[in-house]
K.L.:
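Quick one: the structure is below, and I'll ask about it shortly.
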There are 2 protein chains.
Amino acid sequence: MNENVVLTPERILEATEDVLRRFGLAKATVVDVARALDVSHGSVYRHFPSKASLREAVAKRWLERLNAPLAKIAEASGPAPARLERWLRTMFAIKHKKVSDDPEMFTTYLTLAREACKMVKAHKDGLVDQIAHILSDGVKQGTFQVTDAKTSARAIFDATSRFHHPAHAEEWRDPQLAARIDVLLALLLKGLEAPRKR
Amino acid sequence: MNENVVLTPERILEATEDVLRRFGLAKATVVDVARALDVSHGSVYRHFPSKASLREAVAKRWLERLNAPLAKIAEASGPAPARLERWLRTMFAIKHKKVSDDPEMFTTYLTLAREACKMVKAHKDGLVDQIAHILSDGVKQGTFQVTDAKTSARAIFDATSRFHHPAHAEEWRDPQLAARIDVLLALLLKGLEAPRKR
DNA sequence: TGATTAACAGATATTGAAATCTGTCATCGC
DNA sequence: GCGATGACAGATTTCAATATCTGTTAATCA
């Protein structure tokens, strides 16, 4: 297939995701990727210096796809509390959907992410910044009271780990999950709340 | 050793923990345990029906040892907010100490606990009950305002997962850990706080 | 008599030889 | 000249033979 199409990093990544989906993380080889593209595996090494860097690039794409819809919410306008809640619920929903739609692919991406832990750290920092941005808006609007938006944002991120950190993915099948999220979000929003004007 | 001492479940558990410490979870066999006690492995099977049940008993002991000091705090008297904070900080400290003192043994116990997940569930429920008890005290004292102590307790437990759930153990080496805990606890306590009397 | 043992069958783990994969590079074809 | 190739060395994985372990039981011992 694709006889006269140039070989690009983009096409290689596409093929790699395909191979990962078909063979799983453990069985997927560079030779498989090359075969899927109908080229020699040496050609793949022209675009990616190693198998590790190829995996890293796949992980990066995945993290970017997770990030995009959240960034949109963080940058939106409107009352901060509702926005924070929507942002958090969206983050949970994205993760929960990924794991329930295709658990195998989720664990695959999860392992890739663990290998690229530096990239994950940057991803997390970006998410905390987005929360901090919403918190700052809330302070400006007078609805939130926090001494430092960045540390409070991190606290919110930490407090919700149970519902977004992949290490807890198995616990997301709990039928009471939605209720637990509701109670926690209410508690956190109350903790951020500025006292009413007198 | 111990030629004329009767073989009890207690002694077997002691020996099992010893063997686990010396050989690690993967290498520890029932034969090793029997050898440590200077009996045949058949004798061990007189007290525990299977290797799995032996492991389960070890896990149970471990969970009970974790639970004891926390139960004491939960049952104590005094202002609820300070008690809740002390309870949570003690739980974090116990876990963090275990993992930093002997990381290998921690992962061993962690795997045992995963196998005995029913027991872990009961353990967690007990901890949530302890939090709920403190929250109820706080409501009586007029310092906390919660609609349902049990669900709020679970929210507190969930919100602090990042600092007590073993899945996050690797993240506990963070030099800013203490600061993160401080900010989160302040946020949660503010979220539980009853409005001042007018 | 009741705990302990040694021998045993089936399940699980180890090991080392053979196969496959990763990453390199001299060579090829356009 | 430039991207692609395929043959290659060293690293990694697979697989099947072998060894060890789990759990049972009939025989032993005190």
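These numbers come from the heavy atoms of this one structure, side chains and all, not from hydrogens, waters or symmetry mates. We name chains A, B, ... by the order of the sequence lines, and we start the count at 1 in each one.
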K.L.:
Check every strand shown and say whether A:V31 touches a base, only sugar-phosphate, or nothing at a heavy-atom separation below 4.0 Å.
P.N.:
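Since a base atom lies under 4.0 Å of A:V31, the category is base.
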K.L.:
Determine whether B:V31 and B:L25 fall in the same hydrophobic cluster, where Ile, Leu, Val, Met, Phe, Trp and Tyr are linked whenever their side-chain heavy atoms lie under 4.5 Å apart.
P.N.:
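Cluster IDs for B:V31 and B:L25 differ.
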K.L.:
Return whichever of B:D32 or B:G42 has its heavy-atom-nearest nucleotide of DNA chain D closer to the 5' end.
P.N.:
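Result: B:D32.
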K.L.:
How many Å lie between CZ on B:F48 and P on D:dG23, as a whole number?
P.N.:
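Rounding to the nearest Å, CZ of B:F48 and P of D:dG23 are 13 Å apart.
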K.L.:
From CZ of B:R35 over to P of C:dT4, roughly how many Å is that when rounded to an integer?
P.N.:
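To the nearest whole Å, that distance equals 19 Å.
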K.L.:
Do A:R154 and A:D125 meet the salt-bridge criterion of a basic N to acidic O distance under 4.0 Å?
P.N.:
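A:R154 and A:D125: not salt-bridged.
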K.L.:
For B:T29, answer base if it contacts any base atom (sugar-phosphate contacts may also be present), sugar-phosphate if it contacts only those atoms, and nothing otherwise; contact means non-hydrogen atoms under 4.0 Å.
P.N.:
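Here B:T29 touches the backbone only, sparing every base.
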K.L.:
What is the separation between atom OH on A:Y45 and atom P on D:dA9, rounded to the nearest whole Å?
P.N.:
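So the OH-P distance, A:Y45 to D:dA9, works out to 18 Å.
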K.L.:
Could you tell me how far apart A:H47 (NE2) and C:dG23 (C1') are, to the nearest whole angstrom?
P.N.:
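Distance check: A:H47 NE2 to C:dG23 C1' gives 16 Å.
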K.L.:
Please report, rounded to the nearest Å, how far the P atom of D:dA4 is from the CG atom of A:D38.
P.N.:
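A:D38 atom CG is separated from D:dA4 atom P by 13 Å.
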K.L.:
Just say parallel, tilted or perpendicular for the rings of A:W62 and A:Y109, cut-offs at 30° and 60°.
P.N.:
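Parallel: the ring planes of A:W62 and A:Y109 meet at under 30°.
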K.L.:
Taking only side-chain N and O atoms of A:K27, does any of them lie within less than 4.0 angstrom of OP1 or OP2 on D:dT14?
P.N.:
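The answer is yes; a side-chain N or O of A:K27 sits under 4.0 Å from OP1 or OP2.
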K.L.:
For the pair made of CZ in A:F23 and P in C:dC21, what is the distance, rounded to whole Å?
P.N.:
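After rounding, the reported distance stands at 10 Å.
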K.L.:
Can you tell me how the ring of B:F92 sits relative to the ring of B:H164, calling it parallel under 30°, perpendicular over 60° and tilted otherwise?
P.N.:
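Because their plane-to-plane angle is under 30°, the rings of B:F92 and B:H164 count as parallel.
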K.L.:
In whole Å, what is the span from the CG atom of A:L54 to the P atom of C:dT22?
P.N.:
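Those two atoms, CG and P, are 10 Å apart.
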K.L.:
I'd like to know if B:H41 reaches the base of D:dG23 with its side chain such that a donor and an acceptor end up less than 3.5 angstrom apart.
P.N.:
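For B:H41, whose side chain was compared with the base of D:dG23, there is a donor-acceptor pair (under 3.5 Å).
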K.L.:
May I ask you to check whether A:S161 and A:D158 show a side-chain donor-acceptor distance below 3.5 Å?
P.N.:
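There is no such pair (donor and acceptor under 3.5 Å, judged by atom type) between the side chains of A:S161 and A:D158.
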K.L.:
A:I12 has an atom CD1; how far is it from atom P of D:dG3, in whole Å?
P.N.:
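These atoms are roughly 13 Å apart.
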K.L.:
Give a yes/no on whether any side-chain N or O of B:S40 is located under 4.0 angstrom from OP1 or OP2 of C:dT5.
P.N.:
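B:S40 to C:dT5 OP1/OP2: side-chain N or O found under 4.0 Å.
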K.L.:
Nearest-nucleotide wise, let me know which of A:R46 and B:L7 is further upstream toward the 5' end of DNA chain C.
P.N.:
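First, find each residue's nearest nucleotide; the 5'-ward one identifies B:L7.
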